[in-house]
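To start, the structure under review is shown below, and the notes come after it.
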Amino acid sequence: MDRVAVIGDRASVLAFRAMGVDVFTPTDSDAARNNVDRAAREGYGVIFLTETVAAMIPETVARYRSQLKPAVILIPDHQGSMGIGMNDIYKNVEKAVGTNIFK
Amino acid sequence: MARLNVSPMRMVMTELKGRLTVAVRGHKLLKDKQDELMRQFIELIKHNLELRKEVETELASAFRNFMLASAVMSPEMLEQAVSYPHAELFVKIKEVNRMSVRVPQMEFVRRIPGEVEDDKTDEGQATERTDLPYGFMQTSADLDYAIEKLDAAMERLLELAQIEKTCQLLADDIESTRRRVNALEYRTIPDLEETIKYIRMKLEENERATITRLMKVKEMIAPQE
């Protein structure tokens with residue numbers, strides 16, 4: 001059984017704590033990278049990452065792409081969606097099909 | 001197309017023919033695999049898109065409520081309110097083989113501290129239990145909304161995680177399968193065919209050369225007798 005982590009800015013993700021998942025609130029990109037890497041090492045199964053944080057550490061997010069575990073999933077924060085998560089889906093489509101058929 | 005660098009001999013040709021058969025069969029199988037992967041991928045990715053749109057709006061509205069709550073409540077109170085959840089949330093990840101791509105299958109497990117661990121009863125109780133993990137005295141109503149909305153979004157959030165991860169893995173595999181199919185179709189198979197043809201021509205040429213030589217020799221020997 002794996003734990004679930006939510007990483008993002010305090011103002012958005014603190015509420016997840018009430019759901020019984022572990023919440024990390026890094027303030028800069030180094031801390032964010034550390035949080036993600038440590039969560040992956042410590043056997044978290046799913047890491048929900050806000051897009052704002054993901055935008056700071058794209059290469060760390062990319063590292064876990066091809067791995068089965070952990071699943072790093074982008075979520076919007078209180079400012080709403082930045083479209084990075086959507087863009088990732090489009091990138092997947094492009095990779096698989098050769099062109100984006102949903103645009 | 002480049003001819004392979006081999007000596008034109010019968011044995012080499014037999015070997016190459018064997019390789020060609022394997023390559024053609026492999027190409028067919030991989031092509032079928034690619035088609036099926038693509039079909040499953042398109043189905044999944046459509047679902048993924050819809051789900052992400054829904055989850056993003058749900059989460060954004062939950063976060064907005066939470067922002068409002070944090071604006072009227074003191075940070076300490078807010079932190080205290082959310083820090084003692086009823087249940088801990090875990091996720092059970094099973095590896096499933098989907099067209100020889102290992103994809104995850106996820107399932108939420110809620111464990112209520114202090115109770116005997118039993119998955120089935122745990123989940124049953126957890127879903128019925130909707131009361132909030134804090135008192136109403138010091139907290140804003142927006143916090144209640146935020147928590148309620150988050151709670152409702154959780155299941156779909158996990159579904160999104162599962163589908164999105166699956167799509168990522170499938171996309172990677174489709175890409176590599178396509179490369180393999182193309183390598184076989186446009187490189188390996190034509191190369192082999194060309195080399196086999198070259199060897200066959202060479203052998204035939206040799207044969208004709210031998211025959212003409214024999215005829216010539218016979219001609220030279222004939223007048224002497």
Side-chain angles (χ1 to χ4, degrees), chain A residues 1-6 8-23 25 43-48 50-51 62 64-98 100-102, chain B residues 37-38 41-42 45-46 48-49 52-53 55-57 59-60 62-64 66-67 69-70 78-79 81-83 85-93 95 102-104 106 108-111 132-134 143 146-147 150-151 154 157-158 160-162 164-165 167-172 174-175 178:
Chain A
M1 215 137 55
D2 301 298
R3 284 182 291 169
V4 180
V6 179
D9 64 308
R10 239 183 120 69
S12 314
V13 299
L14 198 62
F16 273 105
R17 205 169 266 176
M19 301 289 107
V21 302
D22 296 340
V23 172
T25 53
Y44 282 81
V46 183
I47 302 173
F48 292 108
T50 62
E51 288 181 342
Y64 297 105
R65 257 192 65 94
S66 55
Q67 293 177 17
L68 187 84
K69 239 168 50 173
V72 178
I73 305 299
L74 305 189
I75 54 173
D77 59 9
H78 63 272
Q79 292 163 350
S81 168
M82 289 162 73
I84 302 180
M86 273 296 174
N87 216 17
D88 274 358
I89 299 184
Y90 289 139
K91 264 190 220 153
N92 273 342
V93 176
E94 221 161 274
K95 194 186 225 179
V97 185
N100 186 2
I101 50 175
F102 292 110
Chain B
L37 272 177
M38 195 63 100
F41 178 79
I42 299 286
I45 203 93
K46 272 186 197 153
N48 188 351
L49 270 173
R52 177 162 271 282
K53 265 182 210 147
V55 169
E56 278 188 356
T57 32
L59 279 185
F63 287 155
R64 257 197 302 281
F66 189 71
M67 273 295 272
S70 66
L78 188 67
E79 175 135 19
V82 296
S83 287
H86 277 318
E88 277 181 279
L89 200 60
F90 291 89
V91 59
K92 215 188 252 174
I93 300 186
E95 246 184 66
R102 306 211 160 273
V103 299
M106 303 176 183
F108 267 145
V109 179
R110 272 169 221 244
R111 194 189 284 160
L132 300 160
Y134 48 81
L143 186 62
I147 302 289
L150 266 190
D151 204 34
M154 261 343 236
L157 200 56
L158 187 77
L160 178 73
Q162 178 186 321
E164 201 153 312
K165 190 81 216 176
C167 280
Q168 279 174 11
L169 295 170
L170 278 184
D172 284 352
I174 288 175
E175 197 189 22
R178 190 175 49 224

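Note that the structure is a prediction, hence the values are computed from the model and not measured. Residue numbers begin at 1 in each chain, while the letters A, B, ... track the order of the sequences.
Counting only heavy atoms from C-beta outward, the side chains of B/Met38 and A/Val97 approach each other to under 4.5 Å. Residues B/Val91 and A/Tyr44 fail the side-chain proximity criterion, which asks for heavy atoms closer than 4.5 Å. Taking the side chain as every heavy atom from C-beta outward, A/Met19 and B/Val82 never approach each other to under 4.5 Å.
Looking at B/Lys165, its side chain does come within 3.5 Å of a backbone N or O of A/Arg65 through a donor-acceptor pair.
In terms of heavy-atom pairs under 4.5 angstrom with chain A, the leader among B/Glu56, B/Glu95, B/Lys46, B/Glu88 is B/Glu56.
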Check your understanding: Taking it one step at a time, do B/Val55 and A/Ile75 satisfy side chain to side chain contact (heavy atoms under 4.5 Å, CB included)?
Key -> CA-CA 8 Å; B/Val55 169; A/Ile75 54 173; 5.6 Å; no
Check your understanding: Are A/Lys95 and B/Ile174 close enough, and set up right, to give a side chain to side chain contact (heavy atoms under 4.5 Å, CB included), and what steps lead you there?
Key -> CA-CA 8 Å; A/Lys95 194 186 225 179; B/Ile174 288 175; over 6 Å; no
Check your understanding: Step by step, would you call A/Leu74 with B/Arg52 a side chain to side chain contact (heavy atoms under 4.5 Å, CB included)?
Key -> CA-CA 10 Å; A/Leu74 305 189; B/Arg52 177 162 271 282; 4.1 Å; yes
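Heavy atoms closer than 4.5 Å to chain B are found in both the backbone and the side chain of A/Phe16. The contact between A/Lys69 and chain B is made entirely by side chain atoms (from C-beta outward), counting heavy-atom distances below 4.5 Å. When heavy atoms are compared at a cutoff of 4.5 Å, B/Ser70 does not approach chain A at all.
The CD1 atom of B/Ile93 sits 7.0 Å away from atom CG of A/Leu68, with the distance rounded to the nearest 0.5 Å.
Taking the charged nitrogens against the carboxylate oxygens, B/Glu79 and A/Arg17 do have a contact shorter than 4.0 Å, which makes a salt bridge.
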